[in-house]
Amino acid sequence: MRVDIVSIFPEYFAPLDLSLIGKARANGTLRLAVHDLRTWTHDVHRTVDDTPYGGGPGMVMRPEPWGEALDALAPAAPTPGGTTPEGAIPDGAIPDGGSASPRLLVPTPAGRRFTQAMAHELAAESHLLFACGRYEGIDQRVLDHAATRMRVTEVSLGDYVLFGGEVAVLVILEAVTRLLPGVLGNAGSLDEESHAHGLLEAPMYTKPATWRGHDVPEVLRSGDHGRIARWRRDEALLRTAVRRPDMLAALPPESLDKRDRAALDRGGFQPPTGHVAK
Ligand code: ADE
């Protein structure tokens with residue numbers, strides 16, 4: 001997967017050299033380049049912002065540097081007449097070799113909520129382009145214009161406001177990269193983790209069996225794989241019911257069998273209503 005990030009703070013992305021993302025970069029699974037938006041300014045102060053039309057506090061990111069950045073990183077496909085794409089690919093960019101336009105992602109608290117389902121959706125893309133806004137955001141025309149030549153998604157991490165999109169990009173990239181084939185040592189863990197099937201994961205334990213007076217649940221030491229699987233499923237259901245009733249309510253009723261419903265019932269929870277699977 002190719003990833004380009006445009007920001008006025010390229011230094012924010014130093015952690016992308018570490019751990020499994022760093023490894024994915026080193027082995028070519030992730031071809032990532034970070035670009036300084038000010039590369040595409042032309043005044044002596046390298047200005048990227050200005051006051052908002054209509055008044056109000058704060059500053060808005062000007063469209064011109066963003067327009068040039070997107071032209072350079074997502075060149076318009078050559079027309080049948082042979083027009084050359086606008087802009088030049090700057091140092092640090094990775095020529096794609098293909099003509100497919102990237103998916104443009106713009107982190108903003110006004111965006112679509114980022115979820116594990118969206119992480120899967122993004123992991124299937126071949127080229128992601130992140131535009132990190134700061135201040136009061138990016139002039140809307142940048143996104144409107146980009147949408148005429150590529151898919152644009154405004155994405156929010158949650159219902160709170162960050163200084164800018166940089167931290168959101170780190171979060172999104174971490175969630176997406178670990179889904180790329182070959183990045184996780186044990187891909188099986190993807191199937192069991194929280195959010196994989198609309199449930200939170202059951203609690204996990206390791207040695208020693210007793211620690212500061214707290215025992216590991218007996219069932220996990222029993223070696224009985226059937227009982228262990230049932231216990232984990234029950235714990236996942238109850239945890240989800242307690243912590244995330246919204247997730248429990250969103251489960252397709254047919255995804256819960258009789259034993260699932262009995263576990264919820266014992267815990268005093270109402271399973272989602274509908275057809276009961278055998
Ligand atoms: N930029 C500022 N706040 C944000 C949020 N909650 N999610 C994504 N990007 C942001």
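Below, all heavy atoms of this structure are taken into account, side chains as well, without hydrogens, waters or symmetry copies. Predicted model, so just to flag it, every value in this text is computed and none were measured. First listed ligand is number 1; within each ligand, the first listed atom is number 1.
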(request) Tell me which protein heavy atom sits closest to atom 7 (N) of ligand 1, plus the residue, atom name and distance to 0.1 Å. (result) Leu157 N, 2.9 Å
(message) Regarding ligand 1, does Ala168 bring an N or O atom to under 3.5 Å of one of the ligand's N or O atoms?
(response) no
(request) Could you tell me whether Arg227 atom CZ has more than 12 heavy atoms of other residues or ligands within 6.0 Å of it? (result) yes
(message) As an exercise, identify every atom of ligand 1 less than 4.0 angstrom from a heavy atom of Ser156.
(response) 6 (N), 7 (N), 8 (C)
(request) Can you sort out which atoms of ligand 1 are near Val155, meaning under 4.0 Å from one of its heavy atoms? (result) 8 (C)
(message) Quick test: of every protein heavy atom, which one is nearest to atom 6 (N) of ligand 1, and how far off is it to 0.1 Å?
(response) Tyr160 O, 2.7 Å
(request) For Gly164, counting its heavy atoms only, list the atoms of ligand 1 lying under 4.0 Å from any of them. (result) 1 (N)
(message) Please check if the number of heavy atoms outside Glu174 that lie under 6.0 Å from its CD is greater than 12.
(response) no
(request) For Val167 and ligand 1, answer yes if some heavy atom of the residue is under 4.0 Å from a ligand atom, otherwise no. (result) no
(request) Identify the protein heavy atom lying closest to atom 3 (N) of ligand 1, giving its residue, its atom name and the separation to 0.1 Å. (result) Leu162 N, 2.9 Å
(message) Among all the protein's non-hydrogen atoms, which is closest to atom 9 (N) of ligand 1, and how far away is it?
(response) Thr108 N, 3.2 Å
(message) Ignoring hydrogens and geometry beyond distance, is a side-chain donor-acceptor pair present between Glu68 and His42 at under 3.5 Å?
(response) yes
(request) Check whether any N or O atom of Val161, backbone or side chain, sits under 3.5 Å from an N or O atom of ligand 1, and answer yes or no. (result) no
(message) As a quick check of understanding, evaluate salt bridge (Lys or Arg N to Asp or Glu O under 4.0 Å) for Arg2 and Glu125, giving each step before the final call.
(response) CA-CA 9 Å; Arg2 172 183 169 183; Glu125 299 280 351; over 6 Å; no
(request) First locate atom CH2 of Trp231, then atom CD of Glu218, and finally report the distance between them rounded to the nearest 0.5 Å. (result) 11.0 Å
(request) Take Asp71 and Arg149 through the salt bridge (Lys or Arg N to Asp or Glu O under 4.0 Å) test and state the conclusion after the steps. (result) CA-CA 10 Å; Asp71 288 346; Arg149 26 193 216 108; 2.7 Å; yes
(request) Output yes when the distance from some N or O of ligand 1 to some N or O of Gly158 is under 3.5 Å, and no in every other case. (result) yes
(request) Decide, yes or no, whether a salt bridge links Glu192 with Arg232 under the criterion of side-chain N to carboxylate O below 4.0 Å. (result) no
(request) Record the part of Asp159 in heavy-atom contact with ligand 1 below 4.0 Å; permitted values are side chain, backbone, both and neither. (result) neither
(message) Less than 3.5 Å apart, any donor N or O on the side chain of Arg103 or Thr153 sitting next to an acceptor on the other?
(response) yes
